[in-house]
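Presented below is the structure to which this report refers.
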Number of protein chains: 4
Amino acid sequence: MSTKFVQKRDASMQLILQVGLDLFAENGYSPTTIRMIAEKAGISLGLLYNYFKSKEEVLRAIFQKNIRDIQADWRNSKESDQGITLNRFIRQFFKNVKNNNHFWILFYDLRLSGTTALVVTNEVKEIESVLQKILENCLVEAEIAFPGLEAKLLLASLDGVAQHFLLQNSFPVNDVVHLLLMKYPQPNAK
Amino acid sequence: MSTKFVQKRDASMQLILQVGLDLFAENGYSPTTIRMIAEKAGISLGLLYNYFKSKEEVLRAIFQKNIRDIQADWRNSKESDQGITLNRFIRQFFKNVKNNNHFWILFYDLRLSGTTALVVTNEVKEIESVLQKILENCLVEAEIAFPGLEAKLLLASLDGVAQHFLLQNSFPVNDVVHLLLMKYPQPNAK
Amino acid sequence: MSTKFVQKRDASMQLILQVGLDLFAENGYSPTTIRMIAEKAGISLGLLYNYFKSKEEVLRAIFQKNIRDIQADWRNSKESDQGITLNRFIRQFFKNVKNNNHFWILFYDLRLSGTTALVVTNEVKEIESVLQKILENCLVEAEIAFPGLEAKLLLASLDGVAQHFLLQNSFPVNDVVHLLLMKYPQPNAK
Amino acid sequence: MSTKFVQKRDASMQLILQVGLDLFAENGYSPTTIRMIAEKAGISLGLLYNYFKSKEEVLRAIFQKNIRDIQADWRNSKESDQGITLNRFIRQFFKNVKNNNHFWILFYDLRLSGTTALVVTNEVKEIESVLQKILENCLVEAEIAFPGLEAKLLLASLDGVAQHFLLQNSFPVNDVVHLLLMKYPQPNAK
DNA sequence: AATGAATGAGACTTCATTCAT
DNA sequence: TATGAATGAAGTCTCATTCAT
């Protein structure tokens, strides 16, 4: 008996997280109501509260799921390769942004809105630190000057480019990223 | 109409807009209540509604005031000089961000949150287009390759750097901006 | 000095009462705001309150003015004639309704809405009793059977016809009134 | 959807409509507050808004329910008989007014107050047209002259009599109606 | 597990009225 | 006399959350 129920339960929870993420990204966190989520997920209010004890809990779960996914992405990327070049880092970053566009909209939104302070500060910081560590490594290995400062500049720039990409349908990410990469020395061989 | 009334009215309105901007930037637009604004401004709820017919109207007024200020900044900048170099553009941009830090937090927040769609879309677009035009001019005059694409990259990067600066007290803007400028050819003479 | 000021004062008061009546009739008493009245009358809020100490006071003044007008109408009607026939009564009634259409809309509205109970009960009753007395006299003099009951029926019917007339632009009052009169014996000579 | 929920829901909704009608009739639509309704119905404010999305919606629902009831009354009346005489029409009309006195007060009030224009215009018109059709039929069948004009006169008169009846406890409706009927030719045999 | 009825605090907004000038 | 700034109580409506079934 247990397995079937656990599966159903998990399916419902995943659905809630997915729908919640979509709505939070589209309308913002505050304007999205728990009722909207339940309705779009096709479940009752009560059931949603059986799974998550509050709206904040839903938000946190969304972040935690996406942190796991992001980390998995980077782990795969590392394992399947000898090291991460700057080139690979940036491509991996935008691949993730493309695949999880709603999450990144929400991430950037909350980081700015001060809601962070109350609910997902730690999760935001964790994501930032994961990226920062990997990137700094890249830059050190690539023997680029001022790796710390360059990491700050690059992370900020990537955030900016990602946002423009997320907000404008026609934003030419690939070209822009190419232009960005041209400003950094390329490894000899590909 | 008598001067005295106009002055009083203007004083109250400016106060509301200032306090509103501060609170919107600190807590986000939705979580900030009209009552919070009135209380922090030291006026009654009713008075606020004598001047602004809705919360959205307060937001719009804040944007319009800041658009005027930004445009004035750039106009002064132009007049006092023969042309705007990339260097000057970026310094001017960050000067504005520093002086109006709360506005820029709000700007970036709303652009992401979808609240834009309902209330200040036009204002956001206007700000974007003002900056884009000036920057593209710079790049053309500096004879930089791909000025259109570079403008996109640079605007996005500046947004990213501005955000990191706005969110982290200790962010070394000056150093980061310096590093950024090094990636572009400098005009021969200063 | 006094005369001029008194005139001005009176003109303003009359304007307020006129505008108030129009708005009360168009929107209903409760939905009409004091501000609406002041604006449409082209005066300030404060001035309105110099003349009338409350919204209810404005309403009461409107009723009192119209009661005086109605009574004057009937007095003139009597004086200029030997007696009032049913025919004359009805024609006089509708003449008044036509000339003071907004007042009668308001009158019927308030009589039904329960607002009467709080503010103008006495005025409403006075108007009713004035009409009832005159009409009963008519019926007695015309030697109609059941003058009391007929008065009730006729007053009610006239109210109904007046309302339909007030609410429908194209209501054929004259024809309807003619039809009504045919149900009563006509005095031999005109 | 489970029956139990439906029953509970329906019970609450009917209660709200009943209490709402009573209060609207007693105080008028505008002066009656949603809180008054909720309190008198013994439920919370929030629950009321679970079922009706606005105060106007409550009003509309009240009208729709009463329109259904009125139509049902007339349908029954027709079925159980070969045709509707004028006599029957009037008796049926006043039976309905007696049984639904609060609704009719509200109906007459709103028709005059201009609130109609915004919210229940259609419903008001529907009620008027239902009565008008039936009555005109009666008059045609009874071979009364000017059936169209007579219908207008009679509907107006009935409205007036109904209002006096609704507003004065001691109004002798039966006698007045009797007197009214005497002005029309009676069918020979019953 | 699942439902949706029910709650109540609190949000936005309105408006009669007062007050300083 | 005349203005409109200022007030605050009260109204409509929302929404996260709990509860009975």
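All chains are named by letter (A, B, ...) in the order of the sequence lines, taking the proteins before the strands, and each is independently numbered beginning at 1.
- For the residue pair A:Q14 / A:D10, no side-chain donor-acceptor distance below 3.5 Å is found, with atom types taken as modelled.
- The residue among D:R9 and B:L45 whose nearest nucleotide of DNA chain E lies closer to the 5′ end is D:R9.
- Axis deviation across the helix from E:dA2-F:dT21 to E:dT21-F:dA2 amounts to 10°, comparing end segments of five pairs, rounded to 10 degrees.
- Rounded to whole Å, atom P of E:dG4 lies 11 Å from atom NZ of D:K4.
- Residue whose closest nucleotide on DNA chain F sits further toward the 5' end, between B:L47 and D:G46: B:L47.
- Both D:Y51 and B:R35 sit near DNA chain E, but only D:Y51 has its closest nucleotide nearer the 5' end.
- Counting any heavy atom pair closer than 4.0 Å across all strands shown, C:S12 reaches no nucleic acid atom.
- When rounded to the nearest whole Å, the span between CD1 of D:I34 and C1' of E:dG10 equals 17 Å.
- Not counting sequence neighbours, the partners of A:R60 by the salt bridge (charged side-chain N to carboxylate O under 4.0 Å, His left out) test are A:E57.
- Rounding to whole angstrom units, CZ of residue B:F5 and P of F:dA2 are separated by 14 Å.
- Residues B:N50 and D:K55 both approach DNA chain F. Their nearest nucleotides, taken by heavy-atom distance, put B:N50 toward the 5′ side.
- If you take CD of D:E39 and P of F:dA10, they are 13 Å apart, rounded to a whole angstrom.
- Spacing between atom NZ of B:K53 and atom C1' of E:dT14 amounts to 14 Å, rounded to whole angstrom units.
- No contact: B:S30 has no heavy atom under 4.0 Å from any strand.
- What separates CG of C:N27 from C1' of E:dC15 is a distance of 15 Å, to the nearest Å.
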* Are C:F24 and C:D109 close enough, and set up right, to give a side chain to side chain contact (heavy atoms under 4.5 Å, CB included), and what steps lead you there? -> CA-CA 10 Å; C:F24 286 159; C:D109 183 14; over 6 Å; no

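- For E:dT17, one of the phosphate oxygens OP1 or OP2 lies less than 4.0 angstrom from a side-chain nitrogen or oxygen of C:Y49.
- Among the protein residues, B:S54 comes within range of the sugar-phosphate backbone only, with heavy atoms under 4.0 Å from sugar or phosphate atoms but none that close to a base.
- Annotation: side-chain hydrogen bond (donor to acceptor under 3.5 Å, both in side chains) contacts of B:Y29 (sequence neighbours excluded): none.
- Atoms CG (A:L48) and C1' (E:dT3) sit 13 Å apart, rounded to a whole Å.
- Between A:W104 and A:Y108, the ring planes lie tilted relative to each other; the angle falls in the 30° to 60° range.
- Under the 30°/60° scheme for interplanar angles, the aromatic rings of D:F103 and D:F63 are found to stand perpendicular.
- Within the 4.0 angstrom heavy-atom criterion, base atoms lie near D:S44.
- As rounded to whole Å, 12 Å separates atom P of E:dA5 from atom CZ of D:F52.
- Under 3.5 Å, the side chains of B:E126 and B:N122 contain no donor-acceptor pair of N or O atoms.
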